[in-house]
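Reviewing the structure listed below.
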Amino acid sequence: MHTSLNIVLVGFMGTGKTTIGRALADQLKRDYVDMDIELEARASKPIPRIFAEDGEPVFRRMERDLVVELSRRSNLVIAAGGGIVLNPDNIRDLSATGHVICLKATSDEIIHRVSGSNHRPLLEEGDKAGRILKLLMARQPFYDAIPAQVDTTGKTVAEVVAEVLEKIPYSIFQIPSKQENARKEK
Ligand code: S3P
C-alpha cells in the first residue's frame, strides 16, 4: 500500500501547485510543504532577492538540498517550484518516496494567472507573456516526461483535487469493502 508516500506536485509556474497542494493536504489531513516558502524561510529573504543577490545557481542548490531532505520524509503533500524538473536527480529522488504529478494549463491560462505576480524573478525581464512562452517551450520536454499529468485549465479546485487523487495508484480514500471488513472482524 502506498498511503505513506508523499504526493508531489510539479509543473510550470501558474499551473496551480500551491492552491491544489494546500487543498489536497487539507483534504487528506497531511502536512503541506510549499518548497518556495520553505526556501524563502531558510534564506530569510524572498525568492527574487535570492536570485538577485545570490544568483540562480545558489537557488537551485538550495532547492536540490531541500529535495533530498523531503525525499527522506513521508506522508507529505509537497508543492515544488516550477524549475524542479530541470535537474533529473530531483525527479528521481522525489519519485522514490512519492507520487509525482505534473499539473499543466494552457499558455493563455498561465499568462492570465501569473500576469499580476511580481515574485517570479524568471518572468521579470521584458514582456511577461513572451518570457512565459519561451520558458514553457524550453521546459515542455521536462514536464512531459512526468507520467502522471493533470490539466487544471478551467477546472475548479475540487475537480483538480479529485483528478490528482485518481492518478494515485492506490487511492488514499479507498474505503474497505464489506468483504474486507468482514474478513478483519473474523
Ligand atoms: C521557478 C518557479 C517558482 C520559483 C522560482 C523559480 C521556476 O516557483 O521556484 O521563481 O524556475 O520555474 P512557482 O512555480 O511556484 O512559481
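The analysis underlying the following values was restricted to heavy atoms, covering all of them including side chains, and did not include hydrogens, waters or symmetry mates. Note that ligands are numbered from 1 as they come in the structure, with each ligand's atoms numbered from 1 the same way.
Within the 4.5 Å cutoff, the side chain of Glu163 has no heavy atoms near those of the Thr152 side chain.
If you check the side chains of Asp151 and Thr153, you find a donor sitting under 3.5 Å from an acceptor. A donor and an acceptor atom, one from each side chain of Arg64 and Asn90, are located under 3.5 Å apart.
Contact shell of ligand 1 (protein heavy atoms, cutoff 4.0 Å): Met13, Lys17, Asp36, Ile47, Phe59, Arg60, Gly81, Gly82, Gly83, Arg120, Pro121, Leu122, Arg139.
For the ring pair (Phe, Tyr, Trp, His ring centres under 6.0 Å) condition, no pair includes a residue of residues 110-166, sequence neighbours left out.
Scanning for side chain to side chain contact (heavy atoms under 4.5 Å, CB included) contacts around Ala52 gives an empty result, with sequence neighbours left out. With sequence neighbours excluded, no residue forms a side chain to side chain donor-acceptor pair (under 3.5 Å) with Arg61.
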